[in-house]
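See structure below.
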Amino acid sequence: MEEKFDVAIVGAGPAGISAACVLADRGAKVIVVERGEYPGSKNMFGGVLYGQSLGRVIPDYAQKSCPIERNIVESRISYLSEEGSIGFAYRDQAFFGKLHNNAFTVGRAKFDRWFAEQARAKGALVVCSTVVTDLLRDGAGRVIGVKTDRADGELHAKVVLLADGINSPLAVKSGFRPEARPESVALAVKELIELPEEVIDERFGVSAGNGVTIEILGSVTLGMNGVAFVYTNRRSISLGIGANLCDFAKQRVRPYEMIERLKLHPAISPLIKGGKPREYLAHWLPEGGWESVPKLFHDGLLIAGDSAMLFNALHREGSNLAMTSGRLAAETILHALEKGDFTSRTLKGYAARMEESFVLKDLKKYRRFPSFLKTHGELFTTLPRGALEALREILTVDDTPKETRRKSAWRAIRGRLTPLGLLRLLFDAWRSIR
Amino acid sequence: MTVEDKLFLDRFNVDEDSHLRLIDPDTCIEKCREQPCLYICPANVYKLEKDRISVNYEGCLECGSCRIGCPHFNIDWRFPRGGYGVRHKFG
Ligand SMILES: Cc1cc2nc3c(=O)[nH]c(=O)nc-3n(C[C@H](O)[C@H](O)[C@H](O)COP(=O)(O)OP(=O)(O)OC[C@H]3O[C@@H](n4cnc5c(N)ncnc54)[C@H](O)[C@@H]3O)c2cc1C
Ligand code: SF4
Ligand code: SF4
């Protein structure tokens, strides 16, 4: 491939395709290189996309038959101990009306493929089954293209956008991001469990096309810093669990055994009962937060999405940060094309745009959250046990006077956590999200 | 459900050449006490045989964990060739 492109994008995920759409819309000559056989064939996530972020790229996505599984109308949080669960659920009529598709579930194999089709329709070239193995540079070290594993594999471009996701040997090899460390990623596994549509509607108390998300915390991660989730798709449930990679190694827990245990939990098993497992997947999530975001621009190169470690763990937002960063990278590149300058001088505009956007503002605000979870192991061990026992004390009805019950409830917590420990937990929690 | 059952649900386009290679197999047996690859890999790719670690790359889910989790950086890790490896149906 001898021809020269304006922009070469590595990776056809939400970040790369968002950039490709914006660039192609404005007439730039774009190529997206994807290692999978089709976009999405290597990707998995929990399952929730955000309509507003997608709408900024494809305003009429719903009319363009975007493969939406379910519109989320209820968000639950479940705090599990070995024997039970404490929960919180939020449902709002607004999600049926003006906030319809605020959040919805998708499967990445279908969604990424659809999204890439939109970019193609706008004129972008999307090439699959091709791994980018290195970046090309000129004598001055400026990035001028990519090298692929194809025989005629060099592609020249004025700007390269790295949107290759969190597992990026490429960013490491080219020196634009240090290798991920086991403590800065979470490893998650997910099973897709098939159930009839009506059974899901009934089990989760929703009408057709609407759905529920459940975020799960507590003892299910066997003392490791991690979370689990249950999300509803149209005819299946996504069940997943993940924890800090460091913790897996330390505790010698096998991810596939952990998900099996999750399935047997008394609060989870009724939700998936009778379902048929259809797929088993694994992927990393960025856990480092703001501190781990690398420099976003270089001569001839920008970095977007998971490749730049953009993930908001507190709010389970990643795809929207990927889409927004891809879009802002594209706007910066359009400006550079206009000026004819592809050095850092112009490309640094991307960092400025990112800092003004919610992406870096949110990550900065919650920068203490990753270390909060890391330093409070009791959240995953003794606290769920204590909380459940305390509630059990309060809600058991027998001849015991309430005063005695209340004291035992308090003891259930205190026996596991000193008052000072509890105070520190609350204070650190408040500080990490303040 | 065993991990083998789980992997059986997935589709793979298996290349003849492995994309994972132990750089020095002796290190695994002689120097690596913890052998974390046996635990952290979600696809149970690494198995302890009598006198070595075997690498069943065919079922690799391409997460990258073994690459950074190996304390001796003893795994030469590449993506499978373009179009090969795991192929998600739903994602
Ligand atoms: C278990 C889990 C649950 C999650 N839940 C949610 C959620 O509910 N909501 C949410 O918003 N976010 C969630 N996320 C995060 C979200 O998935 C990511 O933030 C998002 O996918 C990042 O998009 P991206 O385009 O940056 O990267 P990716 O989606 O990873 O895309 C990168 C693309 O680049 C390709 N690629 C990589 N290297 C190369 C190469 N060398 N050559 C060619 N192609 C290459 C890959 O095949 C891939 O298609 C979750 C993640 C996980 C793992
Ligand atoms: S962790 Fe690395 S060195 Fe240790 S056994 Fe596994 S591959 Fe070998
Ligand atoms: S990349 Fe992930 S799935 Fe593949 S061998 Fe390494 S740890 Fe196992």
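Here is the naming used below: chain letters follow the sequence lines, and residue numbers restart at 1 for every chain. Below, all heavy atoms of this structure are taken into account, side chains as well, without hydrogens, waters or symmetry copies.
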Interchain contact, [X] with chain B, by part (heavy-atom threshold 4.5 Å):
X: A/Leu281; value: both
X: A/Ile259; value: side chain
X: A/Phe111; value: neither
X: A/Val185; value: side chain

(message) Regarding A/Asp149 and A/Thr133, do their side chains bring together a donor and an acceptor under 3.5 Å, going by distance alone?
(response) no
Counting heavy-atom pairs under 4.5 Å with chain A, which one of [options] comes out on top?
options: B/Gly85, B/Cys37, B/Gly82; answer: B/Gly82
options: B/Val86, B/Thr2, B/Asp5, B/Asp10; answer: B/Asp10
options: B/Ala43, B/Ser65, B/Pro71, B/Gly69; answer: B/Ser65
options: B/Asn13, B/Val3, B/Leu38, B/Ile68; answer: B/Ile68
options: B/Gly64, B/Gly83, B/Pro36, B/Pro42; answer: B/Pro42

Report the option among [options] that has the most heavy-atom pairs separated by less than 4.5 Å from atoms of chain B.
options: A/Glu179, A/Lys110, A/Met258, A/Glu34; value: A/Glu179
options: A/Val106, A/Thr130, A/Val189, A/Leu187; value: A/Leu187
options: A/Arg278, A/Arg181, A/His283; value: A/Arg278
options: A/Pro277, A/Gly40, A/Cys128; value: A/Pro277
options: A/Glu257, A/Met44, A/Glu279; value: A/Glu279

Under 4.5 Å from any heavy atom of chain A, what part of [X] do you find: side chain, backbone, both or neither?
X: B/Asn44; result: both
X: B/Pro80; result: both
X: B/Cys41; result: backbone
X: B/Phe8; result: neither

(message) Which residue is it: A/Lys250, A/Arg252, A/Gln251? I am looking for the one with a side chain to side chain donor-acceptor pair (under 3.5 Å) to B/Tyr39.
(response) A/Arg252
(request) If the plane angle is over 60° it's perpendicular, under 30° parallel, otherwise tilted; pick one for A/Tyr231 and A/Phe229. (result) parallel
Ion pair [X]/[Y], N-O distance below 4.0 Å:
X: A/Lys374; Y: A/Glu183; value: no
X: B/Arg21; Y: B/Asp76; value: yes
X: A/Glu197; Y: A/Arg234; value: yes

(request) Please answer whether the main-chain N or O of A/Ile303 pairs with a side-chain N or O of A/Ser307 as donor and acceptor at a distance below 3.5 Å. (result) no
(message) Can you tell me how far apart CZ (B/Arg78) and CD (B/Glu62) are? Round to the nearest 0.5 Å.
(response) 11.5 Å
(request) Find the distance between CZ (A/Phe104) and CD (A/Glu69) and round it off to the nearest 0.5 Å. (result) 11.0 Å
Do any side-chain atoms of residues 235-242 of chain A form donor-acceptor pairs under 3.5 angstrom with protein atoms, and if so which ones, sequence neighbours left out?
unit_1	atom_1	unit_2	atom_2	d
A/Ser236	OG	A/Asn233	ND2	3.1
A/Ser238	OG	A/Lys190	NZ	3.3
A/Ser238	OG	A/Asn233	ND2	3.0

(request) Compare every heavy atom of B/Tyr57 with every heavy atom of B/Glu16, then report the nearest pair and how far apart it is. (result) O-OH, 3.0 Å
